[in-house]
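Right, one structure below, let's go through it.
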Amino acid sequence: GKNENCVWNYDSGTKTLYLDAKVIKGYNSSNGSHPYLPAYTVQSSGSILYCYTGFEHLVFGKNVEEIVDIECTRGYYPSLKTIEFEEGSALKFVGDYTFSESSVESVTLPSGVEEIGYSAFASTEIREITIPASVKKLNDFAFSSHKLESIVFEPRDTMIEYHYAPFAETAITSFDFNECYFDGDTVPDQFFTGCGNLTSVTLTDKITKVGPFAFDSCYSLESFDFGN
């Protein structure tokens, strides 16, 4: 299919929806109630043909630089399991709430992505995530999810700009600020709030302050290494 927003294709055999455009922007229904994925075609009669919403795999083409104004919640895309990006992806930005409260279980962020929006991957089924070396900014609640157990950072030469609570309410058990390319002197507000499985934390030598509620409800915390 094709419309003013993007080109798209649905493969019923593999239950895969493919979208490609420089900017993938949400499409509101006639009553403006929800920003859907722009997988639709306007027919010659003027009527709109929408893609089947029971797809399991979502693939973004290599031309996609931004994904904005979309909410892929379980209520609208209940079968969505994986998110993939075509080889050579130009992705730079994943917008606010894009996959928040979705049924997504797996995503591999492409090399080149620079910013993850507010609650972009909050409350998903994702258990592990790798932060590419290209990421410059993680916004509030970017990966706040009870199912997230593992966060891996690719080696890099630059630091990441963190806003508050990027990993709040996750299931991680340990965290070392020396390995997450954190350059600040203050642990951001609510950084680990609600992380009930967190048992150990290691700070950098540069950190001298802890923001409000940074470790609120971290009931399992047993070890705290302040460095030097």
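The residues of the chain are indexed from 1 along the displayed sequence.
Judged by distance alone, the side chain of Thr202 and the main-chain N or O of Asp176 form no donor-acceptor pair under 3.5 Å. The backbone N or O of Ser200 lies less than 3.5 Å from no partner atom in the side chain of Ser223, so there is not a single donor-acceptor pair. Between the side chain of Thr98 and the backbone N or O of Ala120, no donor-acceptor pair lies under 3.5 Å. Side chain of Thr199 to main chain of Thr173: a donor-acceptor pair is present (N/O by atom type, distance under 3.5 Å, no hydrogens or angles). At least one donor-acceptor pair closer than 3.5 Å links the side chain of Ser103 to the backbone N or O of Leu80. No donor-acceptor distance shorter than 3.5 angstrom exists from the side chain of Arg127 to the backbone of Glu149, with no hydrogens or angles considered. Here the side chain of Arg156 pairs a donor or acceptor atom with the backbone of Pro132 at under 3.5 angstrom. In this structure, Ser220 contributes its side chain and Gly196 its backbone to a donor-acceptor pair below 3.5 Å. With Ser89 contributing its side chain and Leu91 its backbone, the two residues share a donor-acceptor pair below 3.5 Å.
Linking ILVMFWY residues whenever their side-chain heavy atoms come closer than 4.5 Å, directly or via other members, places Phe182 and Phe226 in the same cluster. Placement of Tyr50 and Tyr18 in two distinct hydrophobic clusters is found when ILVMFWY residues are connected by side-chain heavy-atom separations under 4.5 Å, directly or transitively. No path of Ile, Leu, Val, Met, Phe, Trp and Tyr side chains, each step under 4.5 Å between heavy atoms, connects Val7 with Tyr52, placing them in separate hydrophobic clusters. The cluster map of Ile, Leu, Val, Met, Phe, Trp and Tyr, joined by side-chain heavy atoms under 4.5 Å apart, puts Ile116 and Ile131 in the same cluster. Under the 4.5 Å side-chain heavy-atom criterion for Ile, Leu, Val, Met, Phe, Trp and Tyr, Leu17 and Leu49 are members of distinct hydrophobic clusters.
For the atom pair CG of Asn178 and NZ of Lys206, the computed distance is 12.5 Å after rounding to the nearest 0.5 Å. If you take CZ on Phe213 and SG on Cys218, they are separated by 12.5 Å, rounding to the nearest 0.5 Å. In this structure, SG on Cys180 lies 5.0 Å from CZ on Phe153, to the nearest 0.5 angstrom. Interatomic distance, CD1 of Ile126 versus CG of Leu148, reported as 7.5 Å (0.5 Å rounding). To the nearest 0.5 angstrom, Lys22 atom NZ is 10.0 Å from Asn63 atom CG. For the atom pair CD of Glu87 and OG of Ser111, the computed distance is 11.5 Å after rounding to the nearest 0.5 Å.
Using a 4.5 Å heavy-atom cutoff, the side chains of Ser150 and Val152 are in contact. Looking at heavy atoms from C-beta onward, Val201 lies in side-chain contact with Leu203 at the 4.5 angstrom threshold. Proximity of Asp20 to Trp8: side-chain heavy atoms (C-beta onward) are nowhere separated by under 4.5 Å. Between Leu37 and Cys72, some side-chain heavy-atom pair lies under the 4.5 Å cut-off. For the pair Val59 and Thr16, the minimum side-chain heavy-atom distance is below 4.5 Å. Proximity of Ile172 to Asn197: side-chain heavy atoms (C-beta onward) are nowhere separated by under 4.5 Å. Using a 4.5 Å cut-off on side-chain heavy atoms (C-beta onward), Cys6 and Tyr40 make no contact. Ile24 places none of its side-chain heavy atoms less than 4.5 Å from the side chain of Asn5.
Using a 4.0 Å cut-off between charged side-chain N and carboxylate O, Lys81 and Glu56 make no salt bridge. Looking at Glu128 and Lys147, no side-chain N of the basic residue comes within less than 4.0 Å of a carboxylate O on the acidic one, giving no salt bridge.
With hydrogens and angles left out, the side-chain atoms of Glu71 and Tyr36 include no donor and acceptor closer than 3.5 Å. Side-chain atoms of Tyr162 and Asn139 include no donor-acceptor pair closer than 3.5 Å.
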Check against side chain to side chain contact (heavy atoms under 4.5 Å, CB included), Ile48 and Thr41 | CA-CA 6 Å; Ile48 299 177; Thr41 297; over 6 Å; no
Is there a side chain to side chain contact (heavy atoms under 4.5 Å, CB included) between Lys137 and Glu114 once you walk through the steps?
-> CA-CA 7 Å; Lys137 184 177 181 181; Glu114 297 179 352; over 6 Å; no
Give the intermediate values and the outcome of side chain to side chain contact (heavy atoms under 4.5 Å, CB included) for residues His163 and Leu138.
-> CA-CA 6 Å; His163 286 230; Leu138 293 179; over 6 Å; no
Start with the C-alpha distance between Lys25 and Glu4, add both sets of side-chain angles, then the distance that settles salt bridge (Lys or Arg N to Asp or Glu O under 4.0 Å), and finish with yes or no.
-> CA-CA 10 Å; Lys25 187 174 183 180; Glu4 69 274 18; over 6 Å; no
Which is it for Val68 and Phe93 under the side chain to side chain contact (heavy atoms under 4.5 Å, CB included) test, yes or no, and what are the steps along the way?
-> CA-CA 8 Å; Val68 297; Phe93 176 59; 3.8 Å; yes
Step by step, would you call Glu65 with Lys92 a salt bridge (Lys or Arg N to Asp or Glu O under 4.0 Å)?
-> CA-CA 5 Å; Glu65 295 182 9; Lys92 298 297 182 185; over 6 Å; no
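Between Phe85 and the options Val113, Val107, Val64, a side chain to side chain contact (heavy atoms under 4.5 Å, CB included) holds for only Val107. A ring-ring contact (aromatic ring centres under 6.0 Å, His included) with Phe99 holds for exactly one of Tyr76, Phe143, Phe121; it is Phe121. Here the rule is ring-ring contact (aromatic ring centres under 6.0 Å, His included) with Tyr164, and of Tyr118, Phe141, Phe191 only Phe141 fits it.
Of all heavy-atom pairs spanning Tyr181 and Pro155, the tightest one is OH-CA, 3.2 Å. In plain terms, the two heavy atoms of Thr73 and Ser100 that are nearest each other are CG2-O, 3.7 Å. Nearest heavy atoms, Ser144 versus Ala165: CB-O, 4.4 Å. Between Glu86 and Lys62, the shortest heavy-atom contact is OE1-N, 2.8 Å. Considering all non-hydrogen atoms of both residues, Gly46 and Val42 come closest at O-CG1, 4.1 Å. Residues Ser145 and Ser123 approach most closely at CB-N, 3.6 Å, considering heavy atoms.
Dense packing is recorded around CD of Gln43, with more than 12 heavy atoms of other residues, nucleotides or ligands lying under 6.0 Å away.
Aromatic ring orientation, Phe215 versus Phe224: perpendicular (interplanar angle above 60°, classes split at 30° and 60°).
A centroid separation of 6.0 Å or more is found between the aromatic rings of Phe55 and Tyr10. Aromatic ring centres of Phe192 and Phe175: separated by under 6.0 Å.
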